[in-house]
Every structure is written in structure tokens, then in C-alpha cells.
There are 2 protein chains.
Amino acid sequence: MNDEEKEEKRSTVQAVDVCIDVLLDVAKNPDCRLADIARNIGETKPRILRMLRTMERRGLVRKSSSGTYRLGNTAIVLGTAASTQVDLVRIANPILEELGQKVNETTQLRIIDNGESLCIAKFEPTRDLRVHSMIGRRRPLHAGSYKILLAYLPPQVQAQMIPDKLERFTPRTITTRARLEAELKRVREAGHCVSRGEVSDQLVSVSVPVLAFDGSVIAAVNIAAPAFRTQDNDIPRYIALLKDASRKISEGLGW
Amino acid sequence: MNDEEKEEKRSTVQAVDVCIDVLLDVAKNPDCRLADIARNIGETKPRILRMLRTMERRGLVRKSSSGTYRLGNTAIVLGTAASTQVDLVRIANPILEELGQKVNETTQLRIIDNGESLCIAKFEPTRDLRVHSMIGRRRPLHAGSYKILLAYLPPQVQAQMIPDKLERFTPRTITTRARLEAELKRVREAGHCVSRGEVSDQLVSVSVPVLAFDGSVIAAVNIAAPAFRTQDNDIPRYIALLKDASRKISEGLGW
DNA sequence: GGAAGCGTTACGTTTAGCGTAACATGCCGG
DNA sequence: CCGGCATGTTACGCTAAACGTAACGCTTCC
């Protein structure tokens, strides 16, 4: 371990850290087995077994009769409590719903987390064909309209957020740093970002930033819709509605 | 520590156990301070500080600028994943919503957890005056219509679930073991339970059991409504709708 | 202006809990 | 039918992770 890592981990509890790894792994892979978890996170089976037992006793995970693990009731309770405690999510939820009802499409709230974009709230309309969304899903920052999260960062922070290799998802994905930076400049000036098929061919997504009191960007609201039913003249309307929603969220947060 | 406790705690990880205590305490008391948490769960401040730091680094909790703690984004992600992984909750949610829309009142799903009833799913209608409900809220088993959870237990299990002292909430609360057992017998024969003001004066609540494949009771669905707008002739309708919902949940679970 | 709270740091001691190794069990293929 | 390989599980001795004590500044409130 180098000095940097030593500094990072000073005065933390390893067992808790590993236990969080286990929880996240179970969250990602429902019905996983002890051996899988141990392999995934690179620990020994006895260690993970002890942790799973502890968490099972507290209802954080559940062990099925076939020996596979899932998250448990306590995790639901924690999560529900969390969504009422995280201001951003609590405020945004009804606003996302109102917006989504209005345009009858999927809406999302995304933040930067660990160099990726993370969905922390969403609304899906009740129509047969809609964009599927999932809280907790992570996406790279360079593709799709939530690249807007990068656009307002201080230059050097932005630079280190952009990985050297930009993965390509579709022919329209931006994969060179130069083009991405040019696009980010344009996005910053426009105040919104429209992505047509950068992540998935058939999808259009439009994002605007959610501003903190000091003008910094703390999240992005977006509308995601199938390309075939999104006409060019829908876009300005979407942008206006998104800006309205974004403003309401900022106000709700007390700014 | 006596032998029993030793046996209980064999091959678990103490640090994880304490960390769950911390999480649950933060869930219960948003914006709590380090010293409060340490006091609440009877641990030293440095220990809790180390844990909070570890969890904060992973986004499980958030520390505000004023030094208070709340649950964080990772907790939301975990909770959302959990509600899709716990079959009972995943299946029950849309059914609870449909039921709640039909009667325009609050509906809940409750299970037995640790000698109490625990709300693990709910629906609230969008009307001004409604019964408030909260996932994670615990209630004693002897009061209110969810006492039905006790009614189908094997006699000796039931006996040890009923505490010696039955807390009184209202004049109508059952507080003697004999009366409670008589009531449970009646409930078991009727297949439903109606509570009028046992927990709170102004509330009526009706519960029916959710059955597993073997006929054992795994949960209770209930409708909770203000007493003034619940006429006697509403009750049979509620019971019928509840039984219907309960059957759908059982079927959804594959039974 | 001190007393009492807070969060935080440092450090030496100890015990929690780690990993190794061995075991029981189930499943598959030869 | 039996060995091979997977699984989950247990036992145990060793070690270092992390615990608690004590002391540190800081703020807040009498």
C-alpha cells in the first residue's frame, strides 16, 4: 500500500468497508451465493460468511432456502428513510413526477458519483412503450445528455473526470477528448444538452443542470424518450419544462 | 456475557453489528450528532466516528457542514434494489396501490419482525385528510387490526410473542392477556380483524392475512381510515376488497 | 471566564476476527 | 459407482486491526 492509500484509509474500519462491498454486491447480483460474493470482492469465504450471518440476523440480507442471498427488509427500511432524508431526492421526486406526467415520458435526476453519473430519483409514465430507468444505475459521464454534469465543472476537475479512453456505445457516441470538450463548451453556453442516440440508438434524452445557491451544478434533470416519437419541435418545449423543474428543485432546496 | 449470548453471537462480526446499529439510529434520528449516536447505542465516540467516516466515504451516510449526519445516496440505492429483491414487497406494491385507489384510503403491508409489527410497504391516497403511514414504522402486535398477525401462530409461539404488559394507547386498547387471546380466537375464525380506535381514537383499520402456500400467515394487508368517514356498511366492502388483494399477493408469490 | 459540551487526534494494548486448513455435502462426468 | 470439484461450514492459533483512554482545541452557554 502506498502512502496515498494509507492516508485515504486512515482511521476507518476495514470490516465495515468490506461489509458495504458485500451489500453492494448483493444489491447488484440478487440470488448470489457466498462463493460468488467472496470471489467478486476478493475476500475469503469465512470472512464473508461471518458478515452475511451478522447482516442476516439484522434483516439487512435474507438467505433463501437454496443458500442464495438477497437484500432484506431492513434494507428497504433504510432506503425509505434515506429518500426522506436526502433533501435533493425528497424535493425532486414530486417535481420529477409532475414533469413526467406533463410530457408522458420518463424523467430522471442524476448526480456525479465516483466519476460516473448516478441515477438517484426517477419517474416512469404508465404507457406501454417507455424508457426504462432504475435508481442506482450508473452511466459514464461522456455519453448521453447527462454529460451536462461535466460542463460546469472547474476546468481541471473536469479534465480529471474525463477518462483517457471514451467507450463507444453507438456510432454517435463522442469518443475523442477534443470533441467532447468542444461539445461541453457548447452545452455550457446553451444551458442544456440534447443527446440523440449517443448511448442507445433509439433514445433521445434532454438534460438541464440543477443549480446550487452559488451557481455550481449539483445534479441534472432529464427527460428520456424513444426517438421515433420525439419530433424536433418537442425539444424546445422539453427544455422549457426542464428548466422550470430545475428551478423548482433549486428553490425547494432553499436557494 | 452468558452462554446463551455467546452462542447467539458465535461467528459474527461485532464491527458490522455496531455499524448496523449506527445506520438504524441515523435512519431514526436524522441530523443527529456523533455524540448522540454514541450515547444512544452505548459505544465510545472514537469508535462511532471511525465507522461514520467509513460509511461516509461510501455514501451510506452524509455529514452536513454543521457536523450532523443523515443517510446518503448509497442507502437510497440499496433500498431501491431491496424493494425489487424482496418478493413480498415487489408483488404487493401495485396491489396495495390498486386497493388504495379503489377505497381512496391508506393501505399497508405489515409483517412480524422481532416481536413487533413492521410496515414494509404502503400506499397513501392523494386527499387532504388521510392516515399517515411510514415504511419502517413499528407497532406493538396487541393493538390495532394487525393483531391478526398473531391469530394464526402456533399456540406456544403466539404465547411467547405476547408480552406480559400490554401497553394502553386508548380506552379501547386490549390490555389483558385473556381478552386478547379471546379476541384472537374470534379473529382467526372470522378471517379478518377490524380495529376501531385501539391505537388512536380517530382511526379505523381493517386487516386480513396474506397466506403462504402452506396456509401459514406471512403478512397482513390493511386499510386504515379516519373513523368519521367509515360507516359500518363500508366494512364488509373493505373486507371483500382486502381478501381479494391478499389472494392476488399470494398468487403473485407463486402459490 | 470557566464549565461543559462538542469533535478530533494520538497511542499503546488487547482481543476481535482473520486466514489456513480440514471437513461435510452435493453434483456432475467418466 | 466412484473420484473430482464445487459448494458451505467449522475449528483454532496468530496477528494486526481497531479499540478505549486520555488529552487536545473549539464553541457555546451560564
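Since we're looking at a predicted model, the values are computed, not measured. Proteins get letters first, then strands, A, B, ... in listed order; numbering begins at 1 in each.
When the P atom of D:dT21 is taken as reference, atom CG of B:L49 falls 16 Å away, rounded to whole Å. For the pair A:L52 CG and D:dT10 P, the interatomic distance rounds to 13 Å; values are reported in whole Å. If you measure from atom CZ of B:R47 to atom P of D:dC19, you get 4 Å, rounded to the nearest angstrom. Per the geometry, NZ belonging to A:K45 stands 15 Å off P belonging to C:dA22, to the nearest Å. In this structure, B:I48 places its CD1 atom 12 Å from P of C:dG7, rounding to the nearest Å. One interatomic measurement links the two molecules: CE of A:M51 to C1' of D:dG8, which rounds to 18 Å at whole-angstrom precision.
Comparing B:E43 and A:Y69 against DNA chain D, the residue whose closest nucleotide sits nearer the 5' end is A:Y69. Nearest-nucleotide positions on DNA chain D for A:A15 and A:L34 put A:L34 closer to the 5' end.
The side chain of A:Q14 has D:dA17 as its nearest neighbour among C:dT8, D:dA17, C:dA16.
In this model, the phosphate group of D:dG8 is not approached by any side-chain N or O of A:R53 to a distance below 4.0 Å at OP1 or OP2. Side-chain nitrogen and oxygen atoms of A:R39 include at least one within less than 4.0 Å of the OP1 or OP2 phosphate oxygen of D:dT7. Residue B:R33 places at least one side-chain N or O under 4.0 Å from the OP1 or OP2 atom of C:dG7. For B:K63, a side-chain nitrogen or oxygen approaches OP1 or OP2 of C:dT8 to under 4.0 Å.
For B:D31 and B:T68, the side-chain atoms include at least one donor-acceptor pair closer than 3.5 Å. A:T12 and B:R50 share no donor-acceptor pair across their side chains, judged by distance under 3.5 Å alone. Side-chain contact check for A:S133 and A:Q108: at least one donor-acceptor pair (N or O, by modelled atom type) lies under 3.5 Å.
Closest of all the heavy-atom pairs between B:N73 and A:V86 is OD1-CG1, 3.9 Å.
Looking at B:E167 and B:K165, no side-chain N of the basic residue comes within less than 4.0 Å of a carboxylate O on the acidic one, giving no salt bridge.
Within the nucleic acid shown, B:R50 comes within 4.0 Å of at least one base atom, counting heavy atoms only.
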